[in-house]
Amino acid sequence: MARRRLESRGGLLADIQTAILTEPLDSLFHITEELGRGKFAVVKKCVEKATGKEFAAKFVRKRRRGRDCRADVIHELAVLEAACCNSRVINLHAAYENEHDIILLLEYAAGGEIFDHCVSDELLSESQIVRLIRQILEGVHLLHQSNIVHLDLKPQNILLTSLSPVGDIKIVDFGLARRLGTVGELREIVGTPEYVAPEILNYEPITTASDLWSVGVITYMLITGESPFAGEDKQQTFLNVSQVNVDYSREAFTRVSELAVHFIRKLLVKTPEDRPSAADCLSHPWLWQQYPGAELSPPAVPRVPRERSGGAKWASAPEDPED
Ligand code: ADP
Ligand code: MG
């Protein structure tokens, strides 16, 4: 499959439709607890005074290390706009600006990060994991169809609409996302080494396939509760990623079907061109097994018939008795 590479301009978007409001956020919203934070942003819950509706306000710093980074924040806003029809992406409600920050007023995802389900004593069942991975792939597929790569997919950036019962996923944090172009390419060291693909660490061209690697890492973590490439230090992690050092013999894999391991093995491959696309993945038999007590909800993206997606793609999949 031909994959588009990033434009030489760096794939940054500058055009936005959303009006950036300048009235103080706290005149319209009660700003309550902190929901999370990263290097340049803090996210706080807020409640609209007029309606009682809950939102998440992401305060993104405009100046970073003494540099004006307003254009980067506008880019993040523009990507959210471009993905506004994608139900697996967090919805942008409005944008504000003060002296220091641009504030992205986002739909509130009440269920927190799927990361919490990767480090919990009680891991999710296989059928729940399959449901979440399907939703992540639907979201990623739609992003890739719009030529957007996320480049920072990790369990901290996949949120849930509710905690109990486990809700639907929402992809957040488009600070590192890029628009793919037809000419030029982008090589950047971005993302968190534990979760990013070898081509990114090796400063090789970035394509949509880089996101699929991260989907493999997320799947591994939901099943085992362990990060597949995390080493003692950054250097060890880099080495583990570039050598694709993955332990498939963990005890936790005995609790899931062989198809789950087959799925991860297809994604965690060094050569980006050899990884399946998000659409390919959506036809993997692991995602369409019947699980006892699990209802199969219709996909947001139509299932690609096996013949067309190349039944051969999954020809080496272990036999699935119920498929
Ligand atoms: P950063 O770019 O700093 O990583 P994120 O957009 O990833 O910022 O937000 C940081 C954290 O804040 C997330 O990992 C999550 O825990 C929380 N968060 C972000 N957006 C929302 C939201 N819409 N609803 C609930 N929590 C959120
Ligand atoms: Mg983040």
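One-based numbering, in listed order, for ligands and for the atoms of each.
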Hey, is the main chain of Ser277 close enough, under 3.5 Å, to the side chain of Asp280 for a donor-acceptor pair? yes
Is a side-chain donor-acceptor pair under 3.5 Å present for Glu48 with Thr51?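 Thr51 vs Glu48: donor-acceptor pair found between side chains.
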Tell me yes or no: between the side chains of Glu194 and Ser227, is some donor less than 3.5 Å from an acceptor? yes
Provide the atom name of the closest N, O or S atom of Asp173 relative to the Mg ion (ligand 2).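 In Asp173, the N, O or S atom with the shortest distance to the Mg ion (ligand 2) is OD2.
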Heavy-atom cut-off of under 4.0 Å around ligand 1: list whichever protein residues fall inside it, by chain and number. Leu35, Gly36, Gly38, Ala41, Val43, Ala56, Lys58, Ile90, Leu106, Glu107, Tyr108, Ala109, Glu113, Gln156, Asn157, Leu159, Asp173
What do you reckon, are the aromatic ring centroids of Phe253 and Tyr220 less than 6.0 Å apart?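 Here the rings of Tyr220 and Phe253 have centres that are less than 6.0 Å from each other.
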Can you confirm whether or not the ring centre of Trp314 sits under 6.0 Å from the ring centre of Phe263?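 Centroid distance Trp314-Phe263: not below 6.0 Å, so no.
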Does Gln156 put an N, O or S atom under 2.8 Å from the Mg ion (ligand 2)? no
Between Leu159, Leu35, Leu92, which is the residue that forms a side chain to side chain contact (heavy atoms under 4.5 Å, CB included) with Leu106? Leu92
Salt bridge flag under 4.0 Å for residues Glu138 and Arg88: yes
